[in-house]
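No hydrogens, no waters, no symmetry mates; every other heavy atom, side chains included, goes into these values.
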Amino acid sequence: MNTDLSWVLNDVLEVRGARHAVLVSGDGLLLQRSDDISRDDAETNAAAMSSMQSLSRAVAGFVGAGHGIWKQTLLEYDGGWIFLIAAGQGAYLAVSAALDVDMEAMSFRMQKTVTALSKAMSVAPRSDRSDNGVGA
């Protein structure tokens with residue numbers, strides 16, 4: 001499937017302070033990028049985000065036995081934030097944002113985006129019925 005999903009990623013950038021968004025496969029391949037980031041930068045960051053989610057999962061048990069299911073990684077830098085969440089089976093959504101981003105609004109919008117991505121990437125199951133509703 002080679003569907004253009006940039007419209008879904010661009011939607012997450014509606015949050016004030018959001019900068020870029022990338023959809024990443026578990027093995028580090030760039031699946032999609034928002035319009036405002038170059039392909040080269042998006043591919044470099046996709047590989048790094050894949051490594052980051054892997055590292056985050058590896059240390060999840062640090063929060064306590066039985067409580068170590070990774071949900072989100074949040075990284076803070078002098079110039080802003082990176083949010084990283086699961087976006088379905090083997091895919092991850094990463095968004096960069098300015099320091100003054102509304103973190104609650106960003107997390108909420110990312111969850112909405114993941115839901116939209118899930119719907120956009122799903123395929124309806126095949127039916128054994130013909131178009132006229134009579135069984136084949």
Side-chain angles (χ1 to χ4, degrees):
M1 175 185 294
N2 191 11
T3 305
D4 179 13
L5 298 172
S6 61
W7 62 272
V8 179
L9 295 185
N10 288 330
D11 184 60
V12 79
L13 300 181
E14 294 296 316
V15 175
R16 183 184 51 80
R19 293 180 176 147
H20 311 292
V22 291
L23 184 63
V24 180
S25 71
D27 58 358
L29 296 176
L30 175 66
L31 299 175
Q32 193 66 57
R33 63 187 167 95
S34 57
D35 292 338
D36 59 344
I37 186 171
S38 73
R39 174 164 284 290
D40 286 346
D41 286 346
E43 286 177 348
T44 298
N45 284 288
M49 290 302 121
S50 175
S51 296
M52 187 56 62
Q53 68 78 25
S54 181
L55 179 62
S56 295
R57 287 178 188 278
V59 298
F62 188 61
V63 300
H67 301 286
I69 298 173
W70 176 78
K71 302 268 186 184
Q72 174 175 294
T73 299
L74 182 62
L75 302 166
E76 181 181 12
Y77 296 89
D78 285 344
W81 299 92
I82 294 175
F83 296 77
L84 178 64
I85 65 170
Q89 187 70 8
Y92 305 93
L93 175 62
V95 176
S96 68
L99 281 173
D100 64 348
V101 69
D102 180 335
M103 297 177 87
E104 183 178 3
M106 178 57 73
S107 292
F108 179 75
R109 182 64 65 99
M110 287 180 74
Q111 290 298 326
K112 277 183 54 178
T113 300
V114 166
T115 300
L117 282 167
S118 172
K119 289 177 183 175
M121 291 174 25
S122 67
V123 177
R126 293 184 185 194
S127 172
D128 289 339
R129 298 176 153 232
S130 66
D131 289 337
N132 63 7
V134 178

Sort and list the pairs that fulfil ring-ring contact (aromatic ring centres under 6.0 Å, His included) and have at least one residue in residues 30-60, not counting sequence neighbours.
-> none

Sequence neighbours excluded, the answer for side-chain contact (heavy atoms from CB on, under 4.5 Å) partners of Ala86 is Arg57, Trp70, Tyr92

Taking only residues two or more places apart in sequence or in another chain, which ones pass side chain to side chain donor-acceptor pair (under 3.5 Å) with Thr44?
-> none

Rounded to the nearest 0.5 Å, the CD atom of Gln111 sits from the CG atom of Leu93 at a distance of 9.0 Å

Is there a donor-acceptor pair under 3.5 Å between the side chain of Ser96 and the backbone N or O of Ile82?
-> no

Non-hydrogen atoms of Val22 and Ala42 that approach each other most closely | CG1-CB, 3.9 Å

Given side chains that start at C-beta, do those of Leu99 and Trp81 come closer than 4.5 Å, heavy atoms only?
-> yes

Any Lys/Arg nitrogen of Asp11 or Lys112 sitting under 4.0 Å from an Asp/Glu carboxylate oxygen of the other?
-> no

Roughly how far apart are Met110 CE and Ile85 CD1, rounded to 0.5 Å?
-> 4.0 Å

Which residues satisfy the side-chain contact (heavy atoms from CB on, under 4.5 Å) test with Ala105, sequence neighbours excluded?
-> Val15, Asp102

Residues which pass salt bridge (charged side-chain N to carboxylate O under 4.0 Å, His left out) with Asp78, listed by chain and number, not counting sequence neighbours | none

Residue list, side-chain contact (heavy atoms from CB on, under 4.5 Å) with Ser107, at least two apart or on another chain | Gln72, Phe83

Salt bridge (charged side-chain N to carboxylate O under 4.0 Å, His left out) pairs touching residues 28-42, sequence neighbours excluded, are Arg39-Glu43

Out of curiosity, Thr113 OG1 to Met106 CE, how far, rounded to the nearest 0.5 Å?
-> 9.0 Å

Value for CE (Met49) from CG (Leu23), rounded to nearest 0.5 Å, stands at 13.0 Å

Are side-chain heavy atoms of Arg16 and Asp100 found at a separation under 4.5 Å?
-> yes

side-chain contact (heavy atoms from CB on, under 4.5 Å) involving Ser54 - partner list, sequence neighbours excluded | none

Identify the heavy atoms of Ala21 and Val12 that sit nearest to each other, and give their distance.
-> CB-CG1, 3.7 Å

Side chain to side chain donor-acceptor pair (under 3.5 Å) partners for Asp27, two or more places apart | Ser25

For Ser50, all residues meeting side chain to side chain donor-acceptor pair (under 3.5 Å), sequence neighbours excluded = none

Identify, with sequence neighbours excluded, every residue that meets salt bridge (charged side-chain N to carboxylate O under 4.0 Å, His left out) alongside Arg19.
-> none

Verify the cluster assignment for Leu74 and Val95: are they in a single hydrophobic cluster under the rule of side-chain heavy atoms below 4.5 Å apart?
-> yes

Reported CG-to-CE distance for the pair Leu84 and Met52, which is rounded to 0.5 angstrom = 8.0 Å

